[in-house]
Each structure stands twice: as structure tokens, then as C-alpha cells.
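In what follows, a single structure is set out as C-alpha cells and then discussed.
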Amino acid sequence: MFQSNRKRKSGIGSALSMAELIYHSVVRNVRKQHNNALVAIVMNMLQTVLFVVAFYVMFSILGMRGSAVRGDFLVYLMSGIFLYLTHVKALGAVVGSEGPASPMMQHAPMNTIIAIASAAMGALYIQVLSLFVILFIYHVAFTPITIDQPIPAFGMLLTAWFTGCALGLVMLAIKPWFPSFVTIFSTVYQRANMIASGKMFLANSLPGYMLAMFDWNPLFHSIDQARGFAFINYNPRYSNWEYPLWVGLVLLMIGLMGEFYTRRHASISWNARR
């Protein structure tokens with residue numbers, strides 16, 4: 001008697017309502033890292049800068065700068081580090097998003113799809129903003145840089161983000177069933193990709209027996225293709241951009257099916273025995 005009649009929304013109205021919910025959830029996810037959203041973004045930028053400095057020192061000490069592509073050495077480093085961080089940050093954000101048994105799901109407009117989408121978009125927003133700010137500062141304060149094909153290179157960043165989100169969705173579907181395994185796998189996967197992503201070397205310079213150790217990794221293909229688009233002097237022969245896209249789509253479908261099944265069976269009481 002006291003309930004208001006629900007108005008049926010059109011398809012466009014439902015899409016706008018969901019977009020608004022995702023927007024507010026993205027803001028919440030960004031602010032979750034720190035009370036001040038600006039500080040959260042600055043902390044992410046500092047992490048990226050520290051990665052670049054660490055790899056620059058390591059390459060200089062080990063004398064590996066000659067193995068890099070001819071061009072701006074820091075752009076070579078950043079092309080690998082930006083994609084690696086975007087991939088692992090997207091994976092971690094999706095795995096850590098609100099599950100079906102989360103208290104947030106008790107609010108009527110909220111659902112797991114909105115939580116997953118907002119976590120993924122929040123990770124992408126922070127990484128892209130950090131990317132443009134760092135490249136702008138480097139371009140203005142140090143030396144002008146030139147990206148041969150900036151739009152395709154940015155597309156490779158999106159494929160790295162997409163594959164990270166897709167794998168994170170699979171892990172999120174498994175998480176209520178095997179939480180310890182998902183935690184260990186996520187940590188090992190992120191650490192292993194420090195090497196397996198191929199951000200420290202070029203695919204064209206690898207011998208055949210070593211190439212077989214890395215070409216299974218979609219992030220390896222994304223980074224190598226990004227360097228092909230960023231540098232006019234590098235033409236990747238042993239990687240392609242279609243592979244990470246197809247792997248991401250397959251993982252996305254598996255993750256959506258697993259998440260739908262888990263959502264129907266997960267219970268908040270599962271954690272009572274752990």
C-alpha cells in the first residue's frame with residue numbers, strides 16, 4: 001500500500017541509469033585508495049615513475065640499452081611499463097571488486113555487473129590519466145617525444161587493460177569457491193609478468209626457443225605491438241594484436257558464465273567457516 005508504483009524505463013533510460021551508477025561507483029573506487037582522489041592519482045603516478053627509474057638504472061648498469069629499439073630510450077621503457085601496470089591493475093581491480101555476497105549488493109540498484117564495470121573503468125581512468133600526465137611532463141620538461149602511430153599504440157594499451165579485466169573476471173567468479181587459490185594465483189601472475197610480459201626486451205631479438213616461452217602471453221603481444229606502433233624503426237614480426245583480443249573475448253565469456261553461476265549460489269555464510 002505504501003510502495004510507489006515503479007515506472008518502466010525505456011532502453012535508453014535504463015542505459016543512462018546504469019551509466020550513472022557506474023560513474024558514482026568509479027568515483028567511489030578511486031576515492032577508496034585515499035580520502036583525497038588527487039592524492040590517489042599522484043600515488044599511482046609516483047609508482048609508475050619509480051618503475052621507470054628502476055628499470056632505467058637496471059638497463060644502464062647491466063649494459064642492456066643497446067638491445068632497445070632505436071629511438072627515445074625512456075619511451076621504450078614506458079611503452080612496456082605502462083601496459084604492464086594497466087594490465088595488472090585492471091586484474092587486481094576486477095578481482096577485488098564487490099562480489100555477490102557483498103553488503104553493497106543489498107542496495108536495490110546495485111549489482112555485480114555495475115561493481116565489475118566500475119572497478120575496471122576506475123583502473124583504466126587512473127592509468128590513462130597517469131599516462132598522459134607523465135608523457136606531458138616528460139615532453140615539456142625534458143625532451144620532445146614523437147609517437148609514430150599514437151592511436152593504434154593507445155589501442156594496444158586498451159587491449160592490455162581488456163585482457164586484464166577478462167582474466168580478473170574469471171578469477172572473480174572462482175574467488176568465492178577457492179579464495180586462497182585466487183589470492184595466490186593473482187600474486188604469482190603479477191610477479192611472473194614482470195618477466196613474461198616482455199617489457200624488458202624485443203620479440204624480434206629473441207631466438208626461437210625463447211620466443212616459445214613468451215608468445216602464449218597476450219600481454220607480450222600487446223607490448224610488442226605497441227612498440228611497433230610507437231617507433232618507426234621497429235616492425236614486430238613475431239606478435240600480433242588479434243591474439244590478445246581473442247584471448248580477452250574468450251576469457252570474458254568464461255568469466256561472465258562463471259560469475260552468473262557463482263552469483264546464484266554464493267552465500268555470505270561461506271566465509272563463516274574460514
Side-chain angles (χ1 to χ4, degrees), residues 26-27 29-90 92-93 120-162 164 190 193-195 197-205 219-220 222-236:
V26 167
V27 174
N29 280 320
V30 173
R31 293 291 296 269
K32 189 190 300 184
Q33 301 181 19
H34 196 276
N35 291 333
N36 190 323
L38 181 61
V39 174
I41 295 171
V42 171
M43 289 173 60
N44 185 82
M45 291 170 55
L46 287 177
Q47 182 185 16
T48 305
V49 171
L50 289 176
F51 260 87
V52 173
V53 171
F55 276 91
Y56 182 86
V57 172
M58 184 183 69
F59 271 70
S60 300
I61 293 176
L62 298 179
M64 298 172 59
R65 293 187 58 171
S67 62
V69 66
R70 188 172 61 185
D72 193 305
F73 180 65
L74 280 178
V75 173
Y76 168 80
L77 287 180
M78 289 187 285
S79 63
I81 291 171
F82 279 136
L83 269 70
Y84 164 76
L85 287 177
T86 301
H87 182 82
V88 298
K89 292 282 187 181
M121 294 300 296
L124 180 64
Y125 166 74
I126 293 178
Q127 292 304 125
V128 170
L129 183 60
S130 301
L131 164 69
F132 281 105
V133 171
I134 292 173
L135 287 180
F136 176 77
I137 294 174
Y138 180 64
H139 179 81
V140 173
F142 295 95
T143 181
I145 61 174
T146 301
I147 305 297
D148 183 41
Q149 300 181 59
I151 295 178
F154 183 76
M156 293 302 99
L157 178 78
L158 294 181
T159 61
W161 168 77
F162 176 63
Q190 293 178 21
N193 262 315
M194 291 286 290
I195 304 296
S197 62
K199 64 178 181 291
M200 296 189 296
F201 42 78
L202 299 172
N204 288 3
S205 64
L219 183 57
F220 174 79
S222 296
I223 291 177
D224 197 55
Q225 286 292 309
R227 285 169 173 162
F229 292 125
F231 295 96
I232 195 172
N233 299 312
Y234 182 63
N235 182 27

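- Taking both residues in full, the closest heavy atoms of Tyr234 and Ala203 are given as OH-N, 3.5 Å, listed atom of the first, atom of the second, then distance.
- In this structure, the ring pair (Phe, Tyr, Trp, His ring centres under 6.0 Å) partners of Tyr138, at least two apart in sequence or on a different chain, are Phe142.
- With sequence neighbours excluded, no residue satisfies side-chain hydrogen bond (donor to acceptor under 3.5 Å, both in side chains) with Thr86.
- Remark: Thr159 engages Met156, Ser222 in a side-chain contact (heavy atoms from CB on, under 4.5 Å) (not counting sequence neighbours).
- In terms of the side-chain contact (heavy atoms from CB on, under 4.5 Å) criterion, residue partners of Ala230 (sequence neighbours excluded) are, by chain and number, Ile147.
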For residues 124-135, which side-chain donor-acceptor pairs fall under 3.5 Å, sequence neighbours excluded?
from: Gln127; atom 1: OE1; to: Asn44; atom 2: ND2; distance (Å): 3.1
from: Ser130; atom 1: OG; to: Asn44; atom 2: ND2; distance (Å): 2.9
from: Ser130; atom 1: OG; to: Ile126; atom 2: O; distance (Å): 2.8

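- Distance check, rounded to the nearest 0.5 Å: CD1 of Ile223 to CG of Leu202 gives 11.0 Å.
- Minimum interatomic distance between Ala226 and Leu83 (heavy atoms only, all atoms of both residues): CB-CD2, 3.9 Å.
- The CZ atom of Phe82 sits 10.5 Å away from atom CG of Leu77, with the distance rounded to the nearest 0.5 Å.
- Between Arg227 and Ser79, the shortest heavy-atom contact is NE-OG, 3.1 Å.
- Remark: Ile232 engages Asp148 in a side-chain contact (heavy atoms from CB on, under 4.5 Å) (not counting sequence neighbours).
- Across all their heavy atoms, Ser197 and Leu219 have their closest contact at CB-CD2, 3.5 Å.
- Across every non-hydrogen atom of Ala123 and Ala90, the tightest pair is CB-CA, 4.1 Å.
- Expressed to the nearest 0.5 Å, how far CZ of Phe51 lies from CG of Leu46 amounts to 13.0 Å.
- Nearest heavy atom pair, residue Val75 against residue Ile145, reads CG2-CG2, 3.8 Å.
- Contacts of Gln190 classified as side-chain hydrogen bond (donor to acceptor under 3.5 Å, both in side chains), with partners at least two apart in sequence or in another chain: none.
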